[in-house]
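Structure record follows, encoded as structure tokens.
Excluded from the calculations below are hydrogen atoms, water molecules and symmetry mates; all remaining heavy atoms, backbone and side chain alike, are included.
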Amino acid sequence: QVQLVESGGGLVQAGGSLRLSCAASGIIFSINAMGWYRQAPGKQRELVANITSGGPTNYADSVKGRFTISRDNAKNTVHLQMNSLRPEDTAVYYCNADKVRTPTYLRGRDYWGKGTLVTVSS
């Protein structure tokens with residue numbers, strides 16, 4: 001059974017920084033893309049950033065130039081460095097692993113973490 005465990009959320013003042021981490025555990029053959037989504041109160045979940053196993057990244061326009069995603073394929077971990085945080089970045093941040101291939105799911109399936117709360121005060 002694959003699990004995604006997030007860490008690094010918390011409370012920070014506007015302009016500050018946080019680093020989120022997510023580790024995928026279990027017997028994993030490969031993961032296509034890993035990324036971060038967020039959901040603010042009363043809003044839909046949205047993509048923040050993702051990164052494929054080969055390295056290409058994708059960012060939401062609202063975080064470009066402020067957030068950086070990185071990944072360690074050998075450790076099945078993904079990190080999100082968040083700088084110049086704004087109150088509008090306040091949300092629950094969810095880790096996502098796309099097309100995770102395991103002995104049970106050879107064609108791959110998606111997994112989600114339980115989320116970590118990021119609160120940015122003004």
Side-chain angles (χ1 to χ4, degrees):
Q1 182 70 13
V2 173
Q3 288 188 324
L4 302 183
V5 179
E6 301 117 330
S7 61
L11 173 64
V12 64
Q13 288 188 333
S17 298
L18 283 175
R19 179 177 170 85
L20 304 183
S21 295
C22 172
S25 63
I27 300 175
I28 297 171
F29 295 148
S30 64
I31 302 175
N32 179 36
M34 297 187 77
W36 293 91
Y37 288 71
R38 68 186 180 187
Q39 187 166 18
K43 295 187 177 181
Q44 290 187 333
R45 189 174 297 188
E46 63 175 0
L47 173 68
V48 177
N50 62 15
I51 181 169
T52 67
S53 57
T57 58
N58 181 41
Y59 293 92
D61 288 342
S62 60
V63 307
K64 285 180 181 177
R66 301 188 297 122
F67 292 9
T68 302
I69 191 168
S70 61
R71 176 176 173 175
D72 186 328
N73 290 330
K75 296 181 179 179
N76 291 323
T77 57
V78 63
H79 308 280
L80 185 68
Q81 178 65 43
M82 305 186 294
N83 298 329
S84 302
L85 282 161
R86 304 167 181 170
E88 53 263 38
D89 294 317
T90 295
V92 178
Y93 284 69
Y94 297 91
C95 178
N96 171 261
D98 172 64
K99 292 183 180 177
V100 181
R101 295 181 61 247
T102 66
T104 302
Y105 297 100
L106 293 177
R107 292 188 178 183
R109 58 157 285 184
D110 292 358
Y111 290 90
W112 291 90
K114 293 182 178 181
T116 184
L117 178 62
V118 171
T119 303
V120 184
S121 63
S122 57

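- The list of ring-ring contact (aromatic ring centres under 6.0 Å, His included) pairs with a residue in residues 4-60, not counting sequence neighbours, reads Tyr37-Trp112.
- With hydrogens and angles ignored, the 3.5 Å screen pairs no side-chain donor or acceptor of Asp98 with any backbone N or O of Met34.
- With values rounded to the nearest 0.5 angstrom, Asn73 atom CG is found 11.5 Å from Ile28 atom CD1.
- Closest of all the heavy-atom pairs between Ser17 and Ser84 is OG-N, 4.4 Å.
- Within 6.0 Å of the CD1 atom in Ile27, the count of heavy atoms belonging to other residues, nucleotides or ligands does not exceed 12.
- In this structure, the side chain of Thr90 engages the main chain of Val120 through a donor-acceptor pair within 3.5 Å.
- Under the rule for a side chain to side chain contact (heavy atoms under 4.5 Å, CB included), the partners of Asn58 that lie at least two apart in sequence or sit in another chain are Leu47, Asn50.
- Screening residues 77-121 for disulfide bond (SG atoms under 2.5 Å apart), with sequence neighbours left out, gives Cys22-Cys95.
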- For the pair Leu20 and Glu6, evaluate side-chain contact (heavy atoms from CB on, under 4.5 Å) and give the outcome as yes or no after the intermediate values. CA-CA 7 Å; Leu20 304 183; Glu6 301 117 330; over 6 Å; no

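- The CD1 atom of Ile69 lies 12.0 Å from the CD atom of Gln81; values are rounded to the nearest 0.5 Å.
- Atom CG of residue Leu11 and atom OG1 of residue Thr119 lie 6.0 Å apart, to the nearest 0.5 angstrom.
- Nearest approach of Ser21 to His79, heavy atoms of both residues: OG-ND1, 2.8 Å.
- Under the side-chain hydrogen bond (donor to acceptor under 3.5 Å, both in side chains) criterion, Arg109 pairs with no residue, sequence neighbours left out.
- Taking both residues in full, the closest heavy atoms of Leu4 and Ala24 are given as CD2-CB, 3.3 Å, listed atom of the first, atom of the second, then distance.
- Residue Ser122 comes nearest to Pro87 through the heavy atom pair CB-CG, 3.8 Å, listed as atom of the first residue, atom of the second, then distance.
- Cluster annotation: Ile51 is connected to Val2 through the hydrophobic network of ILVMFWY side chains, with a link wherever side-chain heavy atoms come within less than 4.5 Å.
- Under the 4.5 Å side-chain heavy-atom criterion for grouping Ile, Leu, Val, Met, Phe, Trp and Tyr, Val12 is not connected to Val92 through any hydrophobic cluster.
- Take Gln39 and apply the side chain to side chain contact (heavy atoms under 4.5 Å, CB included) test, not counting sequence neighbours, and it matches Arg45, Tyr94.
- At most 12 non-hydrogen atoms from other residues, nucleotides or ligands lie less than 6.0 angstrom from CD of Gln3.
- Rounded to the nearest 0.5 Å, atoms OG (Ser30) and CZ (Arg101) are 4.5 Å apart.
- Once rounded to the nearest 0.5 Å, the distance linking OG of Ser53 with CD1 of Ile31 reads 9.5 Å.
- Rounding to the nearest 0.5 angstrom, the gap separating the OG1 atom in Thr104 from the CD atom in Gln1 is 8.0 Å.
- Applying the salt bridge (charged side-chain N to carboxylate O under 4.0 Å, His left out) test to residues at least two apart or on different chains, the pairs with a partner in residues 51-79 are Asp61-Lys64, Arg66-Asp89.
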